[in-house]
Protein chains: 2
Amino acid sequence: MTRWTGTPAYAQIANDYRTKIIEGALPEGSKLPSESELMNEYGVSRIVARQAIGVLRNEGLIISHTGKGSFVKPRQQIDRLARNRYRRRKLTGEFADDARRAGATANIEASSAPAPASNNIAARLKIDASTPVMRTAYRFLANGRPIQVSTSYEPLTLTEGTDIERPEEGPLAGLGVIGRMDSIGVRVTEAIESVTTRAPLPWEVEALDIPPGVHVLSIERTFLADDLPVETCDIVVPGDRYGLTYRIPVVDE
Amino acid sequence: MTRWTGTPAYAQIANDYRTKIIEGALPEGSKLPSESELMNEYGVSRIVARQAIGVLRNEGLIISHTGKGSFVKPRQQIDRLARNRYRRRKLTGEFADDARRAGATANIEASSAPAPASNNIAARLKIDASTPVMRTAYRFLANGRPIQVSTSYEPLTLTEGTDIERPEEGPLAGLGVIGRMDSIGVRVTEAIESVTTRAPLPWEVEALDIPPGVHVLSIERTFLADDLPVETCDIVVPGDRYGLTYRIPVVDE
DNA sequence: TAGTGGTCTAGACCACAAT
DNA sequence: TTGTGGTCTAGACCACTAC
C-alpha cells in the first residue's frame with residue numbers, strides 16, 4: 001500500500017474502516033471486506049489485513065464469524081440500570097425489580113460461605129482484616145441470559161445467629177439487603193457506589209458470555225447504616241449491554 | 001508446545017501469564033519474558049509469542065516498550081470523581097473543585113460555537129432537531145495532564161442574548177451550569193448521569209493520552225430545571241485512571 | 001467445492017534501548 | 001554491538017459456512 005506517513009499499514013486500514021463504521025457509511029450488520037479482499041485493496045499481506053480487522057474487533061466495533069466474514073456490530077441498545085434511590089418498603093431484591101420492569105424473567109443463583117475478610121473487604125467494611133464475614137456469590141440471569149455477577153460481604157458480627165445470616169436462605173431470602181437488615185433492627189440509610197471499567201477476567205468472560213473486545217463495568221457498592229458499613233458488594237456487568245443511570249440532586253447548601 | 005486441548009497456543013500462554021499477574025506471582029513493574037524467551041519456553045514461533053503478549057496488552061495488564069520489554073502495569077490507583085450532589089452556591093465549576101481537593105492545578109480549555117441540534121442532542125434536551133444550541137468543547141487538565149474531555153449543549157432559546165450565552169465568556173465564565181442558569185432565573189434542580197464504557201475514539205486517544213488497551217468511561221449528563229432539560233453534556237474520562245462515585249439515598253417510600 | 005476466518009511457521013528489516 | 005519490540009512478507013493447515 002502507499003505509505004505517506006509513519007502510520008503502520010494495519011493502523012491505516014483500521015482507521016479507514018473505523019471511520020466508515022462510525023460515520024455510518026457501513027451500517028450495522030453490514031459485511032466488511034474479506035481478508036483476501038483487503039489484501040488486494042491495500043496491497044498487503046494477509047497478516048496485516050488480519051491485524052487491521054483485529055484492531056476493530058478489540059474495539060468492539062465488529063464481530064467475526066468463521067466461514068462467513070466480519071460484520072459491523074449492531075449498536076447495542078443499552079439497558080440502563082437505574083440507581084436513583086433504594087427503597088425500604090419492598091418485597092423483592094433490586095434485580096428482580098429491574099427485570100420485571102423490563103418485562104424479563106429473572107433468575108438468581110446464589111451461594112454463601114463464611115470467610116475471613118481480605119484487606120480490601122475489611123477496609124470497605126471498616127473492620128479488622130481476617131474478621132469473619134459471610135461471602136455470597138451471585139449470578140443474575142434475565143430471560144436465561146447471564147447479565148450480572150456479584151459477590152457480597154456482610155460482617156458476621158452483625159448477622160451471626162440471625163435468620164438472615166445467609167442472604168439466600170431463611171424466610172427473608174431474596175428480600176435485598178435493606179429489608180433483611182431492617183429485620184434485625186439495622187436501618188440502612190444510604191448506598192455508595194463506585195464505578196470503574198476494565199477488561200473482564202477469564203471467569204467473567206465465561207460467566208457472562210462476553211464477546212471479545214468488550215469491557216465490563218465494575219461497581220463497588222457499600223450499604224451504610226449511618227456511616228456504619230453493613231454490606232459491601234462487587235458487581236460486574238458487561239459494558240456493551242449495560243449502562244448505569246444515577247440521579248443527583250442539586251442542593252442549596 | 002504440548003497441546004492437550006483445543007486451546008490455542010497463544011491463549012494458553014496468555015492465560016499462564018495472566019494468572020501470574022493477577023495472583024501476584026508477577027508483581028507490578030516486573031518484566032515479562034522477551035519474545036525470544038517465550039519462543040524457547042513454549043516452543044512456538046515469534047508470531048504466537050507476540051500474539052500472547054498482545055492479548056495481555058489489550059486487556060490493559062501490561063505495557064510494552066520498544067527495546068526494553070513488556071512490563072506488568074502498576075495497578076493504577078483510581079482517582080474517584082465524587083458525584084454525590086451538585087451545589088447551588090458556588091463560585092467555581094465542579095472540575096476546579098475536584099482538582100483543588102486533590103491538590104492539583106487545574107486548567108480548562110473551552111471553545112463555543114452555535115450549531116443545530118442533532119437528533120440525539122435534541123432528544124436529550126427535549127427540543128426539536130435542528131433547533132439552535134450552543135455547543136461547547138472542553139478539555140480539562142490536572143497538573144498539565146489531560147484528564148477529561150467533554151462537549152456540552154445548551155438550548156439557545158434559553159440563553160440567546162444573555163451574559164451566559166457562551167459558557168467560557170462573560171462575567172460568569174467558569175461558574176458552572178447551575179450558577180450560570182441561576183443568573184438568568186433558571187433554577188436547576190437535579191442532574192441525571194448515565195455511565196457506559198467503550199473503546200476510545202482516535203481523537204480521544206490523542207486528547208487524553210490514552211495507552212493501548214484502555215477503555216473510557218462515557219458519561220451522559222443532563223441538568224434539569226423541574227423536568228426541563230437546560231444542559232446536556234458528553235463527558236469522557238480514561239477508564240484506567242478514573243472511577244465515578246455516587247451516593248444513593250435509601251427512601252422509605 | 002470454494003470461500004471464510006483461526007491458527008501457525010520461518011523468515012526479514014527497522015527503530016530504539018542498554019552496554 | 002546486542003537485544004528488544006514494531007512491522008511485514010509468503011507461505012501452510014484447519015474448521016466452519018455457503019452453495
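Note on naming: letters A, B, ... go to the chains in the order of the sequence lines (proteins, then strands), and numbering restarts at 1 for each one.
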(request) Would you indicate whether the side-chain heavy atoms of A:P200 and A:L208 approach each other to under 4.5 Å? (result) no
(request) Indicate whether any N or O donor in one side chain lies under 3.5 Å from an N or O acceptor in the other, for A:Y42 and A:Q12. (result) no
(request) Name the closest nucleotide to the B:Y10 side chain, picking from D:dC8, C:dT7, C:dT4. (result) C:dT7
(message) Would you say A:S34 places a side-chain N or O within less than 4.0 Å of OP1 or OP2 belonging to C:dG3?
(response) no
(request) Round to the nearest Å and state the distance from B:Q51 atom CD to C:dT9 atom C1'. (result) 13 Å
(message) As a test of reading the structure: which of C:dT7, D:dG5, C:dG5 is closest to the side chain of B:R50, going by heavy atoms?
(response) D:dG5
(message) Without decimals, in angstroms, what is the distance between A:I53 CD1 and C:dT4 P?
(response) 12 Å
(message) Quick one about A:E168 and A:T136 (side-chain donor to acceptor, distance below 3.5 Å, no hydrogens or angles considered), yes or no?
(response) no
(request) Can you tell me the distance, in whole Å, between the OH atom of A:Y42 and the C1' atom of D:dC8? (result) 17 Å
(request) Would you indicate whether the side-chain heavy atoms of B:L38 and B:Y17 approach each other to under 4.5 Å? (result) yes
(message) What is the distance, to the nearest angstrom, from the CD1 atom on A:I62 to the P atom on C:dT4?
(response) 15 Å
(message) Without decimals, in angstroms, what is the distance between A:N58 CG and C:dG6 C1'?
(response) 15 Å
(message) Just N and O in the side chain of B:S36: are any of them under 4.0 Å from OP1 or OP2 of D:dT4?
(response) yes
(request) Please report, rounded to the nearest Å, how far the P atom of C:dC8 is from the CD atom of B:Q12. (result) 11 Å
(message) Please verify the inter-ring angle class for A:Y246 with B:Y246; under 30° counts as parallel, over 60° as perpendicular, anything in between as tilted.
(response) parallel
(request) May I have the distance from A:E35 (atom CD) to C:dG3 (atom C1'), rounded to whole angstrom? (result) 11 Å
(request) Report the distance from atom CG of B:N40 to atom P of C:dT9, rounded to the nearest whole Å. (result) 13 Å
(message) Protein within reach of the bases, or only the backbone? For nucleotides 10-18 of chain C, mark each nucleotide 5' to 3' as B, S or -, using heavy atoms under 4.0 Å.
(response) B-B--BBSS
(message) Tell me whether B:R75 is salt-bridged to B:E28, with the criterion being a basic N under 4.0 Å from an acidic carboxylate O.
(response) no
(request) Would you check if there is a donor-acceptor pair between the side chains of B:R124 and B:T232 at a distance under 3.5 Å? (result) yes
